Amino acid sequence: MPLNDLPWWRWRARLRSALHMLSDPGFQREAWLAGRAGYGDVTDAVYRLVEDTWLDRWSAEKYVGTIFRDSAEATLVDVAVLRVVQILHEVGADAPAAVYLEHPGWPEAVRAAREAHVLLAANDGDDPDAPPRSLDILRILTQV
């Protein structure tokens with residue numbers, strides 16, 4: 001299914017981008033720890049995950065039919081958001097990537113993000129194992 005068949009597909013694209021980056025430890029080492037330009041940082045990914053949707057305040061179930069295709073997607077996204085936002089609150093929004101990645105809860109956050117990412121990517125007909133796209137590519141894909 002194409003990504004843009006949902007009413008709020010741009011929000012889905014940004015959220016998927018965040019989940020993709022949060023779910024890939026290799027990417028995190030190569031981009032965030034190395035300071036590679038074009039991909040933002042951990043805090044940027046967390047904000048893309050929740051900024052438009054307020055998923056840090058209410059359930060993704062609210063967006064079934066607009067951002068999410070079904071309750072299965074919403075449930076996995078809720079778990080990922082909970083894990084990642086909890087770490088954000090513990091380490092602070094301005095913490096360097098290494099502090100996030102060394103947090104004892106980070107592997108569980110990565111696993112939850114991976115489960116959500118794989119389901120959303122598969123439901124959109126995308127390869128979940130492709131490398132994350134840069135933020136510039138994300139901007140181009142979500143332009144009107």
Side-chain angles (χ1 to χ4, degrees), residues 1-33 35-124 126 128 130-144:
M1 294 181 191
L3 172 64
N4 63 0
D5 67 337
L6 289 165
W8 296 352
W9 65 271
R10 287 176 185 83
W11 289 11
R12 182 179 176 94
R14 286 189 289 276
L15 184 136
R16 278 196 46 205
S17 168
L19 285 170
H20 197 168
M21 291 179 185
L22 291 165
S23 73
D24 187 338
F27 164 82
Q28 293 165 13
R29 286 188 303 276
E30 295 167 12
W32 290 341
L33 286 178
R36 192 164 136 206
Y39 293 89
D41 59 15
V42 182
T43 302
D44 173 66
V46 174
Y47 286 130
R48 263 183 291 125
L49 189 62
V50 300
E51 70 182 340
D52 292 327
T53 60
W54 287 41
L55 290 176
D56 55 336
R57 304 213 189 274
W58 52 61
S59 173
E61 189 70 30
K62 177 182 180 90
Y63 298 109
V64 169
T66 55
I67 297 174
F68 305 110
R69 297 186 188 286
D70 55 35
S71 291
E73 286 186 352
T75 298
L76 291 179
V77 169
D78 276 340
V79 172
V81 168
L82 178 66
R83 302 283 187 273
V84 170
V85 170
Q86 180 179 358
I87 294 169
L88 172 88
H89 289 296
E90 290 177 16
V91 303
D94 295 328
V99 175
Y100 282 90
L101 277 57
E102 292 168 4
H103 188 280
W106 192 251
E108 181 59 28
V110 169
R111 185 199 60 73
R114 174 74 182 167
E115 287 181 9
H117 163 64
V118 166
L119 181 60
L120 272 67
N123 286 348
D124 289 342
D126 292 334
R133 295 176 174 140
S134 72
L135 297 180
D136 286 340
I137 297 296
L138 179 62
R139 270 188 223 88
I140 291 167
L141 291 173
T142 58
Q143 287 180 348
V144 177

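Note that the structure is a prediction, hence the values are computed from the model and not measured. Positions are given from 1 along the sequence.
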Euclidean distance, R48 CZ relative to L19 CG, rounded to 0.5 Å: 9.5 Å
Heavy-atom side-chain contact between Y100 and W32 under 4.5 Å: no
Close side-chain approach of E73 and L120, heavy atoms under 4.5 Å: yes
Between CG on residue L88 and CG on residue D94, distance to nearest 0.5 Å: 9.5 Å
Gap separating the CG atom of L141 from the CG atom of D136, nearest 0.5 angstrom: 11.0 Å
Heavy-atom closest contact (L49 atom, T53 atom, distance): O-OG1, 3.5 Å
Validation row: E108, I87 side chains within 4.5 angstrom (heavy atoms): no
Pairwise distance OG(S134) to CZ(R139) - rounded to 0.5 angstrom: 8.0 Å
Nearest-0.5 Å distance that lies between atom CH2 in W9 and atom CG in L15: 14.5 Å
For Q28 against W106, the heavy-atom pair lying closest together: OE1-NE1, 3.0 Å
Any side-chain heavy-atom pair of L135 and M21 under 4.5 Å: yes
Short side-chain to backbone donor-acceptor contact, R10 and T142, under 3.5 Å: yes
Shortest non-hydrogen contact from L55 toward V81: O-CG1, 3.5 Å
Exam field: side chain T66 to backbone P7, donor-acceptor pair closer than 3.5 Å: no
Under 3.5 Å donor-acceptor, R12 side chain and I67 backbone: yes
Atom of A74, atom of A60 and distance for their closest heavy-atom approach: O-CB, 3.5 Å
CG-CD distance between D70 and E61, expressed to the nearest 0.5 angstrom: 9.0 Å
Parallel, tilted or perpendicular: rings of W58 and Y63 (30°, 60°): tilted
Donor-acceptor under 3.5 Å (D124 side chain, D126 main chain): no
Nearest heavy atoms of P128 and H117, plus distance in Å: O-NE2, 2.8 Å
Minimum heavy-atom distance L6-G65, with the two atoms named: CD2-O, 4.1 Å
Trace of the side chain to side chain contact (heavy atoms under 4.5 Å, CB included) decision for R133 with S17: CA-CA 7 Å; R133 295 176 174 140; S17 168; over 6 Å; no
